[in-house]
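Remember, it's 1-based here, ligands and their atoms both numbered in the order they're listed.
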Amino acid sequence: MTTAPSTANLDLHLAPYAAHSTGTRGRVHAEAASSSRSEFQRDRDRVIHSTAFRRLEYKTQVFVNHEGDLFRTRLTHSLEVAQIARSIARNLRLNEDLVEAISLAHDLGHTPFGHAGQDALNGCMKNHGGFEHNLQSLLVVDELEERYGGFNGLNLTFETREGILKHCSRVNAAALGELGRRFLEGTQPSLEAQLANLADEIAYNNHDIDDGLRSGLLTLEQLDEVPMWGRHRAEVAAAFPGINGRRAINETVRRMINTLIVDLIETTGRNIAAANPKSIDDVRSAGTLVSFSPKVHEEAQALKRFLFRHLYRHYLVMRMSAKAQRIITDLFGAFMQDPRLLPPQYQASGQGTDQPRLIAHYIAGMTDRYAIREHRRIFAVSESD
Ligand code: MG
């Protein structure tokens, strides 16, 4: 006779201060435990099967989806974040399933066209409660996904939702009850949430260098002024004399990612040893424990400043951002002026969600290419339409 596997065993290797799935604060709608998967494995699987997750393939951060097949999309970005976060979590005996669930879900609420899209939609919603992509990610998993018979959203655990909500204004936090409390009280989320946040930074700083060079918007000469790049590029030249081109770039970037990961593991390990938390509750009331060493933190900041100056503010990126702003502002204006242009499920019924918020949900859910096509469908006059 075989006994049913106990999911409690899945937590045995974890540190006492990790998020244990058996100790979860649970889901909004009570569900029977799975016989084969931990609570956080289930969360991750629900994210992967969601509609919003598949849309990430056609949403971008810096480069718009049609600009090239080799640039990162939000989907590949999220996979890189999950990979980095899991490596670190395993070293620190934190919950890999939870960091994976948080990482894969962290960008689900992003608008089309990255930050330009977010800023434009927030501007449109200025007099209607604003728009914040991080809060939207939470709303996607809490409300907007329609997959289950018994409830809206994905009904994820408190810990995954806590990790998705990286930052939050006091006004919004006050409306979120238990989940928003830490923003009002200044306490910390789980180590897994703190970790997913920094894994996001490691991923985008490095892949934006890679994509920036690939696109020709950044040059190797410019990058020489960045200490972290210079240091690793010199190491690569010493290890492989004569190496150049893509192979030299890739070897340098992978070493930078490794340095950041190793530094984060070592520094966080020391922070944990010093604070000596005995449980996840101790973690929540301690200061920030997941961090880089001061030296690596400074180098990472210098890299960010470089990317901001030379890539995110590059005139070709600014041109695309201006177009993105116009597309989103035009669409929002047209739908506000005549909501009958909206698909029926986004037309306000007079009860429940108001019209501006429904328009924001519709626009935020669009992929880059869908937004471009929708703009054409609404504004372009041609015989074929
Ligand atoms: Mg991200």
Can you list every salt bridge (charged side-chain N to carboxylate O under 4.0 Å, His left out) pair that touches residues 201-223, not counting sequence neighbours?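 Passing the test, one end in residues 201-223: Arg72-Asp210, Arg72-Asp211, Glu201-Lys304, Asp210-Arg214, Asp210-Arg246.
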Could you check, using the six-membered ring where one of them is a Trp, whether Phe335 and Tyr362 have ring centers closer than 6.0 angstrom? yes
Could you check, using the six-membered ring where one of them is a Trp, whether His106 and His133 have ring centers closer than 6.0 angstrom? no
Would you call Lys59 and Asp368 a salt bridge, taking side-chain N to carboxylate O under 4.0 Å as the test?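 No, no charged N to carboxylate O under 4.0 Å.
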By atom name, which N, O or S atom of Asp200 is the nearest to the Mg ion (ligand 1)? OD1
So, of the N/O/S atoms that Asp107 has, which is the nearest one to the Mg ion (ligand 1)?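 Atom name returned: OD2.
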With the Mg ion (ligand 1) at the center, what angle do NE2 from His106 and NE2 from His77 span, rounded to 10 degrees?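 The two atoms form an angle at the metal of about 90°.
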